[in-house]
Peer 1: 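One structure is given below, represented as structure tokens, and several questions about it will come after.
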Amino acid sequence: MEFEDFVKAAFVKMIYEVIEADGKIHPAELETLNKLKNIIGFDNKFLERAKKLDYDNALITLYNLPHDQKNALAQILDEVAISDGAIHKKEMDLIIETFINIGLGEETE
């Protein structure tokens, strides 16, 4: 799936928020992040810019995405959360909060 740069930035922001949610950056999470660089199409410079993106602005961008892109984000965030072998409560809380804030699950199919 191809994403515009502003959408990529919002995805990357949320991915990094999940990585940092438990207060530890695990090597497996960084491996998953590196894999996602190729899949989503971003580099370290882009990552550094995306990390500075305002959280609320990222949510607004994600809220306005079509359902299939929201589902793609959901799968990515789940993958990042479990990459270190455990889903920590802070990671799960952040993911659930993100899903609620972007309206995931509200769509009618």
Side-chain angles (χ1 to χ4, degrees):
M1 185 174 290
E2 294 269 329
F3 301 105
E4 295 181 51
D5 279 351
F6 71 96
V7 174
K8 283 185 197 180
F11 268 50
V12 173
K13 171 67 174 178
M14 299 316 289
I15 291 165
Y16 211 79
E17 290 287 322
V18 171
I19 288 173
E20 291 185 318
D22 65 355
K24 298 175 187 166
I25 298 176
H26 299 274
E29 291 171 331
L30 293 178
E31 285 178 34
T32 301
L33 179 64
N34 283 327
K35 184 176 88 173
L36 290 170
K37 284 179 183 178
N38 294 327
I39 294 170
I40 297 173
F42 65 95
D43 59 17
N44 286 334
K45 281 185 172 181
F46 189 90
L47 171 63
E48 291 308 314
R49 287 192 312 270
K51 287 177 4 183
K52 295 175 185 173
L53 181 65
D54 181 72
Y55 179 81
D56 291 335
N57 286 340
L59 288 176
I60 291 167
T61 296
L62 298 171
Y63 182 83
N64 290 309
L65 293 179
H67 182 71
D68 62 328
Q69 291 184 9
K70 290 179 184 182
N71 278 337
L73 175 66
Q75 292 172 0
I76 289 168
L77 295 182
D78 286 344
E79 181 180 350
V80 170
I82 64 171
S83 65
D84 64 354
I87 298 179
H88 303 274
K89 181 176 179 355
K90 289 180 180 180
E91 292 171 337
M92 184 55 62
D93 290 346
L94 176 62
I95 291 171
I96 291 169
E97 178 184 316
T98 300
F99 292 172
I100 291 168
N101 286 330
I102 67 171
L104 190 62
E106 293 177 359
E107 301 86 357
T108 55
E109 302 203 22

Peer 1: Might you point out which heavy atoms bring Ala9 and Ala50 nearest each other, and give the distance in Å?
Peer 2: O-CB, 3.7 Å
Peer 1: Hey, could you give me the OG1/CZ distance between Thr61 and Phe3, rounded to the nearest 0.5 Å?
Peer 2: 13.0 Å
Peer 1: According to the salt bridge (charged side-chain N to carboxylate O under 4.0 Å, His left out) rule, which pairs have a member within residues 87-97, sequence neighbours left out?
Peer 2: Lys89-Asp93
Peer 1: Taking only residues two or more places apart in sequence or in another chain, which ones pass side chain to side chain contact (heavy atoms under 4.5 Å, CB included) with Asn38?
Peer 2: none
Peer 1: Using the salt bridge (charged side-chain N to carboxylate O under 4.0 Å, His left out) rule, collect all pairs that involve residues 47-63, keeping only residues at least two apart or in two chains.
Peer 2: Glu48-Lys51
Peer 1: Honestly curious: do Phe99 and Leu65 fall in one hydrophobic cluster under the side-chain, below-4.5 Å linking rule?
Peer 2: yes
Peer 1: Look up atom CG in Asp84 and atom CG in Asp22, then write down how far apart they are to the nearest 0.5 Å.
Peer 2: 6.5 Å
Peer 1: Do Leu53 and Ile102 share a hydrophobic cluster (ILVMFWY, side-chain heavy atoms under 4.5 Å, transitive)?
Peer 2: no
Peer 1: Return the CG to CG distance between Leu59 and Asn64, rounded to the nearest 0.5 Å.
Peer 2: 11.0 Å
Peer 1: Say whether Ile60 and Phe11 are linked into one hydrophobic cluster, either directly or through other cluster members, by side-chain heavy-atom distances under 4.5 angstrom.
Peer 2: no
Peer 1: Atom OH of Tyr63 and atom CG of Asn101: how far apart are they, to the nearest 0.5 Å?
Peer 2: 10.0 Å
Peer 1: Supply the atom-to-atom distance Leu33 CG to Ser83 OG, rounded to the nearest 0.5 angstrom.
Peer 2: 9.5 Å
Peer 1: Quick one: CG on Leu104 to OG1 on Thr98, what's the gap to the nearest 0.5 Å?
Peer 2: 10.0 Å
Peer 1: For residues Ile87 and Met92, report the shortest heavy-atom separation together with the two atoms involved.
Peer 2: CG2-CE, 3.4 Å
Peer 1: Parallel, tilted or perpendicular, judged at 30° and 60°: which one describes the rings of His88 and His26?
Peer 2: parallel
Peer 1: What side-chain donor-acceptor pairs closer than 3.5 Å can you find for residues 73-82, not counting sequence neighbours?
Peer 2:
unit_1	atom_1	unit_2	atom_2	d
Glu79	OE2	Lys35	NZ	2.5

Peer 1: Scan residues 27-52 for pairs that pass ring pair (Phe, Tyr, Trp, His ring centres under 6.0 Å), counting only residues two or more places apart or in two chains.
Peer 2: none
Peer 1: Side chain of Lys8, backbone of Gly41: donor and acceptor closer than 3.5 Å?
Peer 2: yes
Peer 1: Does one hydrophobic cluster hold both Leu62 and Leu36, with members joined at side-chain heavy-atom distances below 4.5 Å?
Peer 2: yes
Peer 1: Excluding sequence neighbours, so at least two apart, what forms side chain to side chain contact (heavy atoms under 4.5 Å, CB included) with Glu31?
Peer 2: none
Peer 1: Check the pair Ile15 / Ile40 against side chain to side chain contact (heavy atoms under 4.5 Å, CB included), numbers first and verdict last.
Peer 2: CA-CA 11 Å; Ile15 291 165; Ile40 297 173; 3.8 Å; yes
